[in-house]
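Heads up: the structure comes next, in structure tokens.
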There are 2 protein chains.
Amino acid sequence: MTGHTQRGQCAKRMSILDAAADVFCRQGFAAASIDEIAAVACVSRQTIYNHYREKETLFVAVVEDVMNRANAMLFSVLSAFPDNADNLEDDLTAFVVRLNKNCLCNHDGKFLRKLVQTEGERYPHLFESWRQHGPGKLTTALSALLARLAQKGTLVIDDFDVAARQFVALANADLQMMTLFGGIPTDAELEKAARNAVRTFLRAYRQPPAENAGAQPQLAAVSG
Amino acid sequence: MTGHTQRGQCAKRMSILDAAADVFCRQGFAAASIDEIAAVACVSRQTIYNHYREKETLFVAVVEDVMNRANAMLFSVLSAFPDNADNLEDDLTAFVVRLNKNCLCNHDGKFLRKLVQTEGERYPHLFESWRQHGPGKLTTALSALLARLAQKGTLVIDDFDVAARQFVALANADLQMMTLFGGIPTDAELEKAARNAVRTFLRAYRQPPAENAGAQPQLAAVSG
DNA sequence: GTAAAACTAGACGCCATTGTCTAAGAGGTC
DNA sequence: GACCTCTTAGACAATGGCGTCTAGTTTTAC
């Protein structure tokens with residue numbers, strides 16, 4: 001009965017979710033029509049209503065689906081944060097490239113950002129979840145990872161949360177304009193943007209080479 | 001005939017524009033209804049159709065109105081960019097506070113950002129104009145202003161455009177999350193965010209003091 | 001005061017969309 | 001082949017918004 005019929009159903013469900021994500025992202029919730037979603041998904045309109053009772057249910061399902069994918073990807077990228085300090089600039093640059101490419105500048109990232117800004121006030125719980133598991137998690141995790149580097153004496157950081165936010169901000173500095181209107185950066189642009197970001201970040205936070213010998217430089221100025 | 005009737009008409013027009021900006025910003029173009037705009041503006045629906053032929057005309061008028069205000073404000077803020085290098089940290093911090101408060105975190109800034117992201121692909125010319133006179137202008141102008149500081153030997157910058165983008169990115173690093181979901185930062189938060197941004201920017205770009213003179217390595221002045 | 005212009009309130013037709021319903025087809029298992 | 005479930009295409013009522021029109025009221029100009 002159920003069980004093997006599931007494959008077909010599952011395929012339909014995914015097809016619908018993908019199509020709906022596409023249309024919702026382009027049109028926004030209000031302007032997106034079920035008919036268009038059905039057409040894009042190559043599925044009858046009734047099938048959509050069978051799986052998801054109404055438009056809003058579908059919308060919530062789409063968001064959760066995209067969020068799950070994005071969270072998994074973010075976790076995966078974060079787990080490859082450089083651990084040792086030789087070649088820190090190159091390693092951090094590669095990390096930023098992966099972060100931008102797979103989390104912030106890809107389809108899902110664009111969708112979630114757009115969505116939160118447009119429908120965030122109307123669906124607060126949805127936004128809350130994104131905030132905690134998306135960028136919130138990113139900042140928290142990065143903060144811990146930077147702390148690890150600082151503990152090794154590679155970086156000098158007074159406020160890890162601030163540094164984490166600045167790291168992300170710098171990583172996006174060159175791409176923000178492009179991603180804002182939907183452009184997808186090339187590999188070369190990603191590389192260059194990441195290099196710029198990391199250089200500036202390291203200039204600001206890198207442990208300066210011990211000038212006098214065992215001088216502990218820069219006693220981590222006051223945290224705000 | 002015309003001329004003095006303008007006052008009443010003009011008041012109505014502005015009232016409509018304000019109300020429409022409010023509703024369009026909250027609901028998005030598709031979900032915004034003329035009836036609601038009329039109600040918010042305390043004006044009959046027909047009056048709206050008298051002034052602006054149809055919904056899209058009204059929308060374009062609103063965007064242009066907000067853009068003009070925002071451009072004027074941006075110009076005003078930019079013209080107060082610090083010129084001399086004594087007290088650079090404090091002066092830059094005050095500048096960033098003004099920039100964030102009056103250009104990026106205020107109603108108009110929020111509206112334009114939201115708008116571009118939601119309707120930008122549907123109204124490309126509108127977006128183009130914003131891009132040139134809004135953030136595009138900001139980056140270009142900042143780039144020139146930073147060059148002026150660099151020429152005085154205060155800052156060491158290899159790529160002014162990159163530095164300008166990073167300056168803006170850092171200025172927003174701590175506020176992005178908040179402004180994303182519509183929150184308006186308090187004065188204290190603005191101050192702190194600006195201070196963090198400027199400190200990191202200066203650590204990365206400030207001319208290092210001559211090393212072998214009376215050098216404390218990098219005073220990174222902690223001021224309050 | 002009078003005439004013209006602007007504003008209001010409401011009714012109206014039109015169209016797109018949502019969500020339901022029905023009859024028929026496709027695909028699988030027993 | 002019989003049966004069951006999922007799917008499809010299309011018809012359907014209901015809703016709501018847009019834009020027009022009309023009749024009546026207020027404001028402004030002279």
Side-chain angles (χ1 to χ4, degrees), chain A residues 1-63 65 115 118-119 122-123 126, chain B residues 1-63 115 118-119 121-123 126:
Chain A
M1 317 198 160
T2 60
H4 290 79
T5 321
Q6 284 303 71
R7 192 167 33 230
Q9 277 195 55
C10 197
K12 293 274 179 204
R13 283 184 85 93
M14 288 196 302
S15 164
I16 292 172
L17 283 180
D18 286 349
D22 177 38
V23 176
F24 278 136
C25 185
R26 279 204 322 265
Q27 317 266 23
F29 178 79
S33 91
I34 299 282
D35 283 316
E36 186 177 352
I37 294 173
V40 173
C42 297
V43 147
S44 152
R45 182 174 67 249
Q46 185 58 33
T47 301
I48 295 183
Y49 283 106
N50 285 344
H51 286 275
Y52 309 93
R53 244 183 33 263
E54 54 185 1
K55 196 180 179 183
E56 188 168 325
T57 314
L58 172 61
F59 180 70
V60 172
V62 167
V63 173
D65 179 55
L115 172 92
T118 57
E119 324 287 351
R122 195 177 305 280
Y123 299 86
L126 195 154
Chain B
M1 311 194 165
T2 58
H4 290 79
T5 319
Q6 285 303 74
R7 191 170 32 230
Q9 277 196 56
C10 198
K12 295 273 179 203
R13 283 183 85 94
M14 289 196 302
S15 163
I16 293 173
L17 282 180
D18 285 350
D22 178 38
V23 176
F24 278 137
C25 186
R26 279 205 322 266
Q27 318 265 22
F29 177 79
S33 90
I34 299 281
D35 284 314
E36 184 176 353
I37 294 173
V40 173
C42 297
V43 148
S44 150
R45 183 173 67 249
Q46 185 58 33
T47 301
I48 296 183
Y49 282 107
N50 285 343
H51 285 275
Y52 309 93
R53 242 182 34 263
E54 52 185 1
K55 195 181 178 182
E56 187 167 323
T57 314
L58 172 60
F59 180 69
V60 172
V62 167
V63 173
L115 172 93
T118 58
E119 323 287 351
E121 301 181 20
R122 196 178 305 281
Y123 299 84
L126 195 152

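First the proteins, then the strands, lettered A, B, ... as listed; each starts at 1.
Using a 4.0 Å cut-off, some side-chain N or O of B/Lys12 falls inside it from OP1 or OP2 of C/dT8. Checking the phosphate oxygens (OP1, OP2) of D/dC6, no side-chain nitrogen or oxygen of A/Thr47 falls inside 4.0 Å.
Rounded to the nearest 0.5 Å, atoms CZ (B/Phe59) and CD (B/Glu119) are 5.0 Å apart.
Nearest heavy atoms, B/Cys42 versus B/Lys12: O-NZ, 4.5 Å. Closest non-hydrogen pair, A/Ala20 versus A/Val62, comes out as CB-CG2, 3.5 Å. Taking both residues in full, the closest heavy atoms of B/Ser15 and B/Ala41 are given as OG-O, 3.0 Å, listed atom of the first, atom of the second, then distance.
Under the 4.5 Å side-chain criterion, counting only non-hydrogen atoms from C-beta, B/Tyr52 is in contact with B/Ile16. Counting only heavy atoms from C-beta outward, the side chains of B/Gln27 and A/Arg122 approach each other to under 4.5 Å. Between B/Phe24 and B/Leu58 there is a side-chain heavy-atom pair separated by less than 4.5 Å. When side chains are defined from C-beta on, A/Ile34 counts as touching A/Tyr49, because their heavy atoms get closer than 4.5 Å.
Near DNA chain C, meaning a heavy atom under 4.0 Å from it, residues 48-55 of chain A has A/Tyr49, A/Glu54, A/Lys55 in order of number. Within residues 14-44 of chain B, the residues that have a heavy atom under 4.0 Å from DNA chain C are, in order of number, B/Cys42, B/Val43, B/Ser44.
Whole-Å rounding puts the A/Phe59 CZ to C/dT18 P distance at 14 Å. A/Arg45 places its CZ atom 10 Å from the P atom of C/dG19, with the value rounded to the nearest Å.
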